[in-house]
Amino acid sequence: AGDREYKSRGATNEVVKVVEGMKRRRLGGSDIVVSELGLGTQRWVSADFNAPSEEDCFAFMDAAILKGGVNLIDTAEQVRARPMSCRLLF
């Protein structure tokens, strides 16, 4: 299985289709197609004083997915506080 060649399914970031007015783009050269915008969920139903209620969260999902064409939902719990250092190699 490790000797299979990778075959691109199309151009990276290619607009494949439009759903409910939302462009869907190819992720890399894969078969995965995602909406240009995603729905972030980090603070949903948390202990934060300003977190949305469960009812609000379902309303957000209905608006984004059913009415807005979003199919990318970011469920990460936390965003890195400090940027990662990187080094350019030439």
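- Remark: Ser53 engages Asp56 in a side chain to side chain donor-acceptor pair (under 3.5 Å) (not counting sequence neighbours).
- Shown here are the salt bridge (Lys or Arg N to Asp or Glu O under 4.0 Å) partners of Glu14, two or more places apart in sequence or in another chain: Arg26.
- With sequence neighbours left out, the salt bridge (Lys or Arg N to Asp or Glu O under 4.0 Å) criterion links Arg24 to no other residue.
- Residues satisfying the side chain to side chain contact (heavy atoms under 4.5 Å, CB included) test with Glu54, not counting sequence neighbours, are Val45, Phe58.
- Checked against side chain to side chain contact (heavy atoms under 4.5 Å, CB included), Leu37 has the following partners two or more places apart in sequence or in another chain: Met22.
- Residue pairs meeting the ring-ring contact (aromatic ring centres under 6.0 Å, His included) criterion with at least one member in residues 23-49, sequence neighbours excluded: Trp44-Phe60.
- Listed by chain and number, the residues in a side chain to side chain contact (heavy atoms under 4.5 Å, CB included) with Asp48 are Arg43, Ser46, Asn50, Ala51 (sequence neighbours excluded).
- Here Val18 is tied to no hydrophobic group at all, with no ILVMFWY side chain closer than 4.5 Å.
- Atom CG of Leu39 is separated from atom CG of Asp74 by 8.5 Å, given to the nearest 0.5 angstrom.
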N/O donor-acceptor pairs under 3.5 Å from side chains in residues 62-71, not counting sequence neighbours:
residue : atom : partner : partner atom : Å
Asn71   : OD1  : Ser35   : N            : 2.7
Asn71   : OD1  : Ser35   : OG           : 3.3
Asn71   : ND2  : Val33   : O            : 3.0

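- For the side chain to side chain contact (heavy atoms under 4.5 Å, CB included) test, residues two or more places apart in sequence or in another chain that qualify with Arg25 are Asn13, Val15, Lys23, Glu36.
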